[in-house]
Amino acid sequence: MTDIADTPYHPVSPLVAEDRFRRALLNSSLRTLAALLDDSAIVVDASGCVYDKRAILSHFALLVEQLVGLDLLEWHVEIWGDTAVVVSRVRRLVLVKDPSKGAGKGGVISEEVRYTRVWRMYDGAWRLAASHATVLHDMDRPSGGQGGEQAAVDAARPPGGSQT
């Protein structure tokens with residue numbers, strides 16, 4: 001199997017870079033994440049922690065959580081020359097191994113997250129320059145409800161996993 005970091009990369013849209021970034025997170029591919037992150041990247045996660053490129057890669061290498069789903073629900077893209085902004089809403093499923101992280105004895109957490117990402121074209125490829133994440137609460141979600149969250153959590157739960 002070829003690592004996605006080895007595939008030729010000449011996107012015409014920052015959404016291609018977004019998808020590649022999402023797949024790298026899901027596959028825990030630090031090599032691909034490193035290739036997609038601008039050297040001066042700044043990421044603010046949903047808890048308000050700020051990371052530079054080195055800290056981002058260290059954080060993902062040491063995670064006690066494992067992303068098991070990142071479903072893109074909606075997105076909006078604006079491009080100005082060599083800069084693009086992608087605002088998206090994502091359903092994130094996280095397998096939590098550490099009970100102190102809020103899922104009781106471990107388990108799967110389902111949450112909707114809004115991301116704002118700034119991409120910069122450099123040497124013919126989009127690089128992530130900045131990212132900010134916000135966990136959406138019920139009042140922040142679009143009306144009409146999403147439904148299916150529990151089914152998605154159940155589908156992501158490992159065999160024999162406990163319900164929390």
Side-chain angles (χ1 to χ4, degrees), residues 1-97 101 108-137 140-142 144 146 148-149 151-153 155-156:
M1 176 187 272
T2 304
D3 187 281
I4 56 178
D6 296 328
T7 57
Y9 184 52
H10 300 288
V12 292
S13 167
L15 286 177
V16 174
E18 280 279 332
D19 184 60
R20 198 162 185 243
F21 190 75
R22 181 186 62 80
R23 288 184 292 140
L25 291 171
L26 287 169
N27 294 322
S28 301
S29 177
L30 295 178
R31 185 172 162 204
T32 302
L33 289 173
L36 288 168
L37 289 167
D38 190 84
D39 287 340
S40 60
I42 299 170
V43 172
V44 180
D45 71 10
S47 68
C49 293
V50 179
Y51 300 94
D52 62 9
K53 182 176 182 175
R54 177 182 286 167
I56 294 164
L57 295 173
S58 295
H59 175 74
F60 282 106
L62 300 173
L63 274 181
V64 296
E65 305 168 341
Q66 176 66 42
L67 287 171
V68 292
L70 283 173
D71 300 323
L72 186 60
L73 302 174
E74 66 182 40
W75 65 91
H76 178 80
V77 179
E78 292 289 337
I79 301 173
W80 303 280
D82 67 349
T83 303
V85 174
V86 178
V87 177
S88 62
R89 185 170 57 93
V90 173
R91 178 173 297 111
R92 180 169 67 180
L93 298 174
V94 181
L95 177 63
V96 180
K97 299 175 187 172
K101 295 294 181 184
V108 177
I109 295 174
S110 173
E111 57 193 1
E112 283 189 20
V113 181
R114 172 105 36 212
Y115 290 101
T116 302
R117 292 199 175 112
V118 178
W119 293 88
R120 186 174 73 108
M121 181 65 75
Y122 182 76
D123 285 341
W126 291 107
R127 303 276 190 257
L128 182 65
S131 178
H132 186 273
T134 302
V135 173
L136 298 178
H137 304 283
D140 300 325
R141 293 188 182 138
Q146 295 302 311
E149 285 91 354
V153 170

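It should be emphasised that the depicted structure is a prediction, and the values quoted were computed from it without experimental measurement.
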The single option from V77, L128, D19 passing side-chain contact (heavy atoms from CB on, under 4.5 Å) against P14: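 In the set V77, L128, D19, the residue that makes a side-chain contact (heavy atoms from CB on, under 4.5 Å) with P14 is V77.
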
Which residues share a side-chain hydrogen bond (donor to acceptor under 3.5 Å, both in side chains) with R92, sequence neighbours left out: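 Per chain and number, R92 pairs via side-chain hydrogen bond (donor to acceptor under 3.5 Å, both in side chains) with E111, Y115.
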
Residue list, side-chain hydrogen bond (donor to acceptor under 3.5 Å, both in side chains) with S88, at least two apart or on another chain: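 side-chain hydrogen bond (donor to acceptor under 3.5 Å, both in side chains) check on S88 returns nothing, list empty.
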
Can you find a heavy atom in the side chain of R117 that is under 4.5 Å from one in the side chain of F21? yes

Can you check whether L37 reaches L57 side chain to side chain, under 4.5 Å on heavy atoms? yes

Give me the atom names and distance for the closest heavy-atom approach of S13 to W126.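 Closest approach of S13 to W126: C-NE1, 3.6 Å.
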
Rounded at 0.5 Å granularity, tell me how far [atom1] in [X] sits from [atom2] in [Y].
{"X": "L72", "Y": "L15", "atom1": "CG", "atom2": "CG", "value": "7.5 Å"}
{"X": "H59", "Y": "L33", "atom1": "NE2", "atom2": "CG", "value": "11.0 Å"}
{"X": "N27", "Y": "R22", "atom1": "CG", "atom2": "CZ", "value": "9.0 Å"}

Any pair with a residue in residues 77-87 that passes side-chain hydrogen bond (donor to acceptor under 3.5 Å, both in side chains), sequence neighbours left out, goes on the list, sorted by first then second residue, please. H76-E78

Using side-chain contact (heavy atoms from CB on, under 4.5 Å) as the criterion, list what pairs up with V87, not counting sequence neighbours. V85, R114, T116

Can you give each donor-acceptor pair under 3.5 Å made by side-chain atoms of residues 38-47, sequence neighbours left out, with the distance rounded to 0.1 Å?
unit_1	atom_1	unit_2	atom_2	d
D38	OD1	R120	NE	3.3
D38	OD1	R120	NH2	2.6
D38	OD2	S40	N	3.0
D38	OD2	S40	OG	2.7
D39	OD1	K53	NZ	3.0
D45	OD1	S47	N	3.0
D45	OD1	S47	OG	2.7
D45	OD1	G48	N	3.1
D45	OD1	C49	N	3.0
D45	OD2	S47	OG	3.4
D45	OD2	Y51	OH	3.3

